[in-house]
Amino acid sequence: MKVIIAEKPSVGREIAKVFGATTKKDGYMEGKGYTFTWAFGHLLQLAAPQEYGYYGWNVQNLPMLPQKFKLSVRKVKTKDGMVEDPGVRKQLDIIKALFDEATEIIVATDAGREGELIFRYIYYYLKCKKPFKRLWISSQTDAAIKEGFRNLKPGSDYDALFNSAHCRSQSDWLVGMNATQALSLSSGTRSVLSLGRVQTPTLAMICARYLENKNFVPQTYYQVSIQPDKDGQVFKAVSEKNFKTKEEAQAVLDLVEDVTLGFPQGGHILSVEAKPRKEPPPLLHDLSSLQQEANKRKGFTADQTLTLLQNLYESKLVTYPRTGSRYIGDDVYAGVPALIDKFMDHKEFGKQATLLSGAKLNKRSVNAKKVTDHHAILPTGETPHQLSADQQAIYDMVAGRMLEAFHQDCIKEITKITVQSGSKFIASGTVIQTAGWRLVFNDKDEEKKDEENATLPKVTQGENLPVTDKALLEKQTKPKPLYNEASLLKALETAGKEIDDEELRQAMKDSGLGTPATRAAMIETLLKRNYISREKKNLVPTETGLAVYEVVKHQQIAQAELTGNWEKRLEEIRSGASVSAFQEEIKTYTRAITQELLQAGKGMVIKVS
DNA sequence: GCAAGGTC
């Protein structure tokens with residue numbers, strides 16, 4: 001008997017379906033001589049410190065550097081503390097029984113580093129010795145699954161990938177557990193002051209932005225605006241330059257040849273530039289972009305959006321939610337026209353679905369090379385029943401985005417008019433000529449600035465217009481806004497963009513800080529630790545958060561680059577570089593940061609709340 | 001009591 005093990009039930013069942021195996025059992029399916037089972041993500045985790053003999057939280061134990069890491073069954077929190085998750089234990093037992101019967105195992109966990117780790121941890125924990133092969137596919141269409149099975153790889157081909165995954169896991173444990181205990185113990189508070197490769201740089205970003213915002217000194221500057229009149233249609237033009245002093249601006253204002261000063265036609269049109277600009281539709285959603293949009297539109301937290309999306313996924317209404325790709329492959333694209341047709345009766349955007357039906361679709365979101373473990377989020381085409389208002393809102397964002405993504409470009413005309421009246425003034429305006437994808441939600445254009453005119457009258461070069469009004473404008477420079485959930489998620493994805501080193505940046509771009517699946521939980525962790533709080537839509541540090549930030553802000557553990565460095569090394573391990581060299585470096589770093597924090601925490605000032 | 005990673 002061959003046993004196929006997937007990362008999650010949905011994939012296990014999908015593969016079983018392709019094989020025509022339909023017999024449902026408890027925790028697996030069987031048919032055609034195969035058995036199909038699954039994990040629920042990570043079933044096993046690196047054991048907690050006490051399982052290596054490090055009892056309690058004690059400076060004597062630090063740094064904790066286990067000789068050999070152990071695995072333990074995933075735990076859940078109950079009123080009696082942490083206990084084995086019974087569902088996980090049950091599934092592990094099922095997997096063990098199946099592996100015992102197996103002649104061969106086929107590994108069908110997600111095609112990536114963590115997918116490999118999920119299987120290997122199970123395999124080694126169960127002390128299984130059966131031979132295994134690897135299925136490596138990035139979409140779960142029938143064709144992709146069949147092709148993957150014709151192309152099974154030897155299990156050992158992925159040993160180096162497992163090594164890199166295991167290193168990632170151990171390194172996070174060593175640095176996180178030790179740094180957390182070191183700072184918590186030395187701070188003298190009895191609370192948990194957690195630190196980690198992902199959470200601490202994130203906290204640092206929030207704190208740095210908060211302090212920058214709070215300490216920002218606004219600069220006053222001045223502008224002059226005039227209002228020319230074209231046959232009764234007025235528009236606004238603003239001085240080409242900004243002025244540092246009111247006097248400079250006043251001088252420019254005084255030179256304006258307006259009607260009240262006796263100039264009947266003092267606005268001379270120097271030039272009119274009008275150029276069309278194509279604005280392509282947005283890409284399909286991945287989890288992060290959807291969380292950002294839901295936060296902007298509905299004020300949902302990243303965690304709420306993920307929960308709602310998980311509900312929709314479990315009801316088979318949307319595809320896999322925890323994806324980091326905004327693209328689909330050609331195989332999935334083949335089903336898109338039929339999918340669009342399903343929305344022709346939708347009350348909000350049925351009209352646009354009808355318009356797209358049979359039309360030539362925009363293929364910007366179609367690129368198999370940019371599909372990673374999972375493709376972008378799409379509706380499945382199943383008809384929703386009795387969704388809650390919030391679920392419906394998320395569902396509509398997924399479906400609406402699909403219509404946008406395959407819609408036509410939006411064509412705008414950007415107009416710039418230069419007017420001479422004493423000095424030069426600029427009027428700019430954007431007119432949407434063909435709305436294209438913008439028809440789906442009829443949203444306002446975010447890019448549009450305050451000074452812009454909705455529409456500008458038709459004027460020609462050389463024309464002279466009366467200037468009917470003028471004004472001196474006093475303005476102030478603004479600080480970068482505080483992070484909210486949407487802008488933080490975006491910053492986490494692109495933390496690499498502020499890194500100069502090209503190779504580091506590439507490594508960061510692939511991973512960012514955290515992963516789509518973990519970012520929502522990480523934000524919740526910072527809230528739970530009382531490091532940050534929500535103020536309206538903003539995320540701001542608490543006193544505790546700022547105190548921790550002050551202690552660690554110059555340390556490596558607070559820098560996003562730490563992840564970039566690790567990723568680079570892990571990638572080398574994946575291509576065969578030495579594991580032990582990296583492990584030694586991590587141990588050395590763990591010793592160093594533990595010592596530093598044991599000292600630094602003593603100087604901490606934290607109010608006990 | 002603690003990390004980051006995955007998912008019901």
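Keep in mind that the numbers below use all heavy atoms, side chains included, and drop hydrogens, waters and symmetry copies. Residue numbers begin at 1 in each chain, while the letters A, B, ... track the order of the sequences.
The A:Q199 side chain lies nearest to B:dA4 when the options are B:dT7, B:dC2, B:dA4. The listed nucleotides are B:dC8, B:dA3, B:dC2; the one nearest the side chain of A:R322 is B:dC8. Ranking B:dG6, B:dA4, B:dC2 by closeness to the A:M177 side chain, first place goes to B:dC2. Here B:dA4 is the nucleotide among B:dC2, B:dA4, B:dC8 with the atom lying nearest to any side-chain atom of A:R168. With B:dC8, B:dG6, B:dA3 as the candidates, the nucleotide lying closest to the side chain of A:Q310 is B:dC8. With B:dG6, B:dA3, B:dC8 as the candidates, the nucleotide lying closest to the side chain of A:I118 is B:dG6. Looking at the side chain of A:R197, the nearest of the listed nucleotides B:dA4, B:dC2, B:dT7 is B:dA4.
A:W173 does not qualify as a stacking partner of the B:dA4 base, lacking a centre-to-centre distance under 5.5 Å together with planes within 30°.
Atoms CG and OH, on A:L526 and A:Y531 in that order, are 8.0 Å from each other to the nearest 0.5 Å.
Rounded to whole Å, the distance from NZ on A:K528 to C1' on B:dA3 is 12 Å. For the pair A:R519 CZ and B:dA4 C1', the interatomic distance rounds to 13 Å; values are reported in whole Å. Spacing between atom OH of A:Y121 and atom P of B:dG6 amounts to 13 Å, rounded to whole angstrom units. Spacing between atom CD1 of A:I94 and atom C1' of B:dC8 amounts to 14 Å, rounded to whole angstrom units. Between A:L43 atom CG and B:dC8 atom C1' there is a gap of 11 Å when expressed in whole angstrom units. We find that CG of A:L193 is positioned 11 Å from C1' of B:dC2, with the value rounded to whole Å. With rounding to whole Å, A:K75 atom NZ is found 17 Å from B:dT7 atom C1'. If you measure from atom OH of A:Y55 to atom P of B:dG1, you get 15 Å, rounded to the nearest angstrom.
Nucleic acid contact for A:V192: base, since at least one base atom lies under 4.0 Å from a heavy atom of the residue. Using a 4.0 Å heavy-atom cutoff across all strands shown, A:D110 reaches sugar-phosphate atoms only and no base atom. Base contact: A:Q181 has a heavy atom under 4.0 Å from a base atom. Residue-level contact check: A:S194 touches the backbone only, with heavy atoms under 4.0 Å from sugar-phosphate atoms and none from bases. Across all strands, A:P49 comes closer than 4.0 Å to base atoms (heavy-atom distances). Across all strands, A:L195 comes closer than 4.0 Å only to sugar-phosphate atoms, never to a base (heavy-atom distances).
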Checklist entry - What's the verdict on salt bridge (Lys or Arg N to Asp or Glu O under 4.0 Å) for A:K8 and A:D110, showing C-alpha distance, side-chain angles and the deciding distance? => result CA-CA 9 Å; A:K8 42 191 168 272; A:D110 290 356; 2.7 Å; yes
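Within the structure, every side-chain polar atom (N or O) of A:S169 is placed at least 4.0 Å from both OP1 and OP2 of B:dA4. Taking side-chain N and O atoms only, A:R113 has no distance below 4.0 Å to OP1 or OP2 of B:dG6.
Within 6.0 Å of the NZ atom in A:K130, the count of heavy atoms belonging to other residues, nucleotides or ligands exceeds 12.
DNA chain B is contacted by no residue of residues 381-391 of chain A, taking any non-hydrogen atom closer than 4.0 Å.
Electrostatic pairing of A:E116 and A:R113 does not count as a salt bridge here, judged by no charged N lying under 4.0 Å from a carboxylate O.
A cation-pi geometry, defined here as NZ or CZ lying under 6.0 Å from the six-membered ring centre and within 45° of its normal, does not hold between A:R168 and A:W566. Remark: A:K17 fails to qualify as a cation-pi partner of A:F36 under the 6.0 Å distance and 45° angle criteria applied to the six-membered ring.
Donor-acceptor pairing under 3.5 Å is lacking for the side chains of A:Q595 and A:Q599.
For A:W38 and A:F119, the ring centers are positioned 6.0 Å apart or more.
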